[in-house]
Amino acid sequence: EAFRVRMAAVAILLHVCSVLSWRAQAFRSPKHATHLSLLQARVSLLTGATSAGRCVPLLQENKEAIFNTQLFRADDSEAVLRIVDDHLDEFKAREIATALHRVAARNKYKRARRDVLLRDARLERLVDAAKEQAAQFSAHCVADVLWSMATLNHFPSRMLVPVLTSVNSHLDLQDFKGHHLSTIVWAFAKLNTKPVRLLERIEEQTVAKLEYMNMQNCANLMWGFAKLNYQPIVLLPHMMDALLKPGMLDAAKHVEVADIGYSLGVIAQPGECSDLLRALAQRAAPDTTLRWLSSRQICMLIDTFAQLEATEELPEGLLDAWICIVKIAHAETPLMARDGAKLERSLERLGVDAAWIKKSEMLSTWLEQMSSGSGSRHAVPTYSEEQLRTVFDLIDTDRSGAIDRDELKVAIDKVSAQVDESAIKQMMEFGALADGLEVSFDDFKLIMSGAMPEAKQARQVAVV
């Protein structure tokens, strides 16, 4: 009876301290709030409630809950790291994983802040603690830690064996959920880590968990396998069936459509997934997610349909719509060289004119070189003589051997509506080395190499 009374008193005191801890979180620093919350443990010791050894697990569990609450309520990574600095020695595996997750989540879109964060000694202490506690991680915790490392793009070599061993242990226990497996594969891909045996086991276990996985889980898993160039031969038929279930693709976001499309281009073979490609194309149509897709994502979709010889699965006019969007975007901001080269190969494979890619890119280079004048210039791509001649001839429509103002205007109008008459005049004045306001092939090569300003200066010196 006396013990029950004492326990009731302890419970009341713990409740009061919890309320005070919550108020401290709202009005005081995380450090003070945490210290106040931990009074629960001290209250129990003062009352002698632990004399029989019955309350120790309860108090420890309560302390861990307090730490996790404080970590989740922290406003930013600095607040999280202050808690880490004060109490890391008291953290168990769960709190370590939570702290890493909160730090990564608070810096997911802050690249500059991440760079500073990776030099913070408190984060390194936290990573070391994760290494030491890796064997104690739950399935959820190990997935969280890998997600955190991938988001921060920080996976020290000392973490590799402990974390992979933890993944393997939970695969033995088969206690990963579907979204855990998806997160782990995604993280492996982001970290350029390819443990083939673990990927094989993950693939095997995912088959039974597909019915519990949502669109995001499936897209991340497929993207991860593709990025690692791992072929999930056993999983793929089951994944296609899962994605084709009613309502699945209908809820797909644009990034998920792009990720699934990219992964099929790497993983699948021609004729293997026609139904899924048809459904995917319908989701990337103008009246659905197309407006949100970037030009790079559309290039990936074009490449996938070209590689898998599946353009017949596209709704009428959709390929033209994709190309039109990329043309407009490419004229304003040229594609990255790798993306442009891939798109050229894809269009050539499809028998579609791809000359506009280099043409648009070179016109943008011309405009940028003119804008920078004789000052510091933008870095320019390197073109072969053949590529330069091809584009020059496309602009020089009368085959006179020189580009005049009217020909440049026609060429510009086909790729961009953003360049006015004044800019075209300036481009001609910049691009013509002689006084005739016509651009010869030699002039064109000087523009594309970035050497026109020096050539003009040298000509002026020679004239003087």
Side-chain angles (χ1 to χ4, degrees), residues 147 150 178-190 194 199 202-203 206-207 209-315 318-319 321-323 325-326 339 342-343 346 350:
W147 180 89
H179 66 273
H180 296 150
L181 298 174
S182 170
T183 298
I184 290 168
V185 172
W186 174 88
F188 282 160
K190 294 287 283 187
K194 188 178 179 180
L199 292 175
I202 288 171
E203 177 190 2
T206 301
V207 173
K209 303 178 189 295
L210 274 175
E211 61 179 308
Y212 306 108
M213 295 171 65
N214 61 24
M215 186 67 221
Q216 183 183 27
N217 301 154
C218 293
N220 284 345
L221 184 77
M222 293 286 284
W223 180 89
F225 280 141
K227 204 70 176 176
L228 291 169
N229 199 25
Y230 173 85
Q231 304 294 319
I233 298 172
V234 174
L235 175 64
L236 186 57
H238 301 279
M239 178 62 76
M240 289 191 290
D241 290 343
L243 291 173
L244 286 170
K245 286 183 177 179
M248 192 68 160
L249 278 174
D250 292 340
K253 299 176 182 177
H254 67 284
V255 67
E256 294 160 358
V257 170
D259 286 349
I260 291 293
Y262 160 75
S263 65
L264 291 176
V266 176
I267 292 170
Q269 299 297 320
E272 190 174 13
C273 51
S274 299
D275 291 342
L276 179 55
L277 287 170
R278 191 181 307 114
L280 202 65
Q282 291 171 350
R283 188 59 186 161
D287 57 343
T288 53
T289 65
L290 181 55
R291 73 191 76 175
W292 308 113
L293 288 166
S294 69
S295 57
R296 187 179 194 191
Q297 290 169 333
I298 294 173
C299 287
M300 288 181 186
L301 289 173
I302 293 173
D303 184 62
T304 290
F305 278 83
Q307 284 193 71
L308 298 181
E309 303 170 3
T311 51
E312 292 183 359
E313 307 300 336
L314 292 171
L318 183 55
L319 179 60
W322 284 351
I323 294 173
I325 291 172
V326 175
D339 295 333
K342 180 181 288 187
L343 180 61
S346 299
L350 296 173

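We number each residue from 1, following the sequence as shown.
Residues meeting the side-chain hydrogen bond (donor to acceptor under 3.5 Å, both in side chains) test with Ser346, sequence neighbours left out: Asp303. For Arg278, the salt bridge (charged side-chain N to carboxylate O under 4.0 Å, His left out) test picks out Asp275, Glu313, with sequence neighbours left out. Under the side-chain hydrogen bond (donor to acceptor under 3.5 Å, both in side chains) criterion, Tyr230 pairs with Glu203, not counting sequence neighbours. With sequence neighbours left out, the side-chain hydrogen bond (donor to acceptor under 3.5 Å, both in side chains) criterion links Asn214 to Asn217.
Residues Leu210 and Asp241 form no side-chain contact, since every pair of their non-hydrogen atoms from C-beta on lies 4.5 Å or further apart. Put simply, the side chain of Met213 does not reach to within 4.5 Å of the side chain of His179, judged on heavy atoms.
Considering CD1 of Ile325 and CG of Leu290, their distance stands at 3.5 Å, rounded to 0.5 Å. Here the NZ atom belonging to Lys342 is positioned 9.0 Å from the SG atom belonging to Cys299, to the nearest 0.5 angstrom. The distance from atom CG of Leu319 to atom CD1 of Ile298, rounded to the nearest 0.5 Å, is 11.0 Å. Rounding to the nearest 0.5 angstrom, the gap separating the CZ atom in Phe305 from the CE atom in Met300 is 14.5 Å. Separating the CD atom in Glu309 from the OG atom in Ser274 is a distance of 10.5 Å, to the nearest 0.5 Å. Here Leu276 contributes atom CG and Leu243 contributes atom CG; the two are 5.5 Å apart, rounded to the nearest 0.5 Å.
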Between Asn220 and Thr183, is a side-chain contact (heavy atoms from CB on, under 4.5 Å) present by the stated rule, with each step listed? CA-CA 7 Å; Asn220 284 345; Thr183 298; 6.0 Å; no

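In this structure, Glu256 and Ala251 approach most closely via the heavy-atom pair OE1-O, 4.2 Å. Across all non-hydrogen atoms, the minimal contact from Ser295 to Val326 is O-CG2, 4.0 Å. Minimum heavy-atom separation, Leu308 to Cys273: CD1-SG, 4.2 Å. Here the closest heavy-atom approach between residue Leu199 and residue Lys194 is recorded as CD1-CG, 3.9 Å.
Using cut-offs of 30° and 60° on the angle between ring planes, the pair Trp147 and Trp186 is parallel.
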Sequence neighbours left out, cut at 3.5 Å: what donor-acceptor pairs do the side chains of residues 279-286 make with other protein atoms?
unit_1 : atom_1 : unit_2 : atom_2 : d
Arg283 : NE     : Leu249 : O      : 3.3
Arg283 : NE     : Ala252 : O      : 3.0
Arg283 : NH1    : Asp250 : O      : 3.3
Arg283 : NH2    : Asp250 : O      : 3.2
Arg283 : NH2    : Ala252 : O      : 2.9

Throw together a table of side-chain donor-acceptor distances under 3.5 angstrom for residues 257-269, partners on residues two or more places apart or in other chains.
unit_1 : atom_1 : unit_2 : atom_2 : d
Ser263 : OG     : Asp259 : O      : 3.2
Ser263 : OG     : Ile260 : O      : 2.8

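The number of heavy-atom neighbours closer than 6.0 Å to NZ of Lys253, taken from other residues, nucleotides and ligands shown, is 12 or below.
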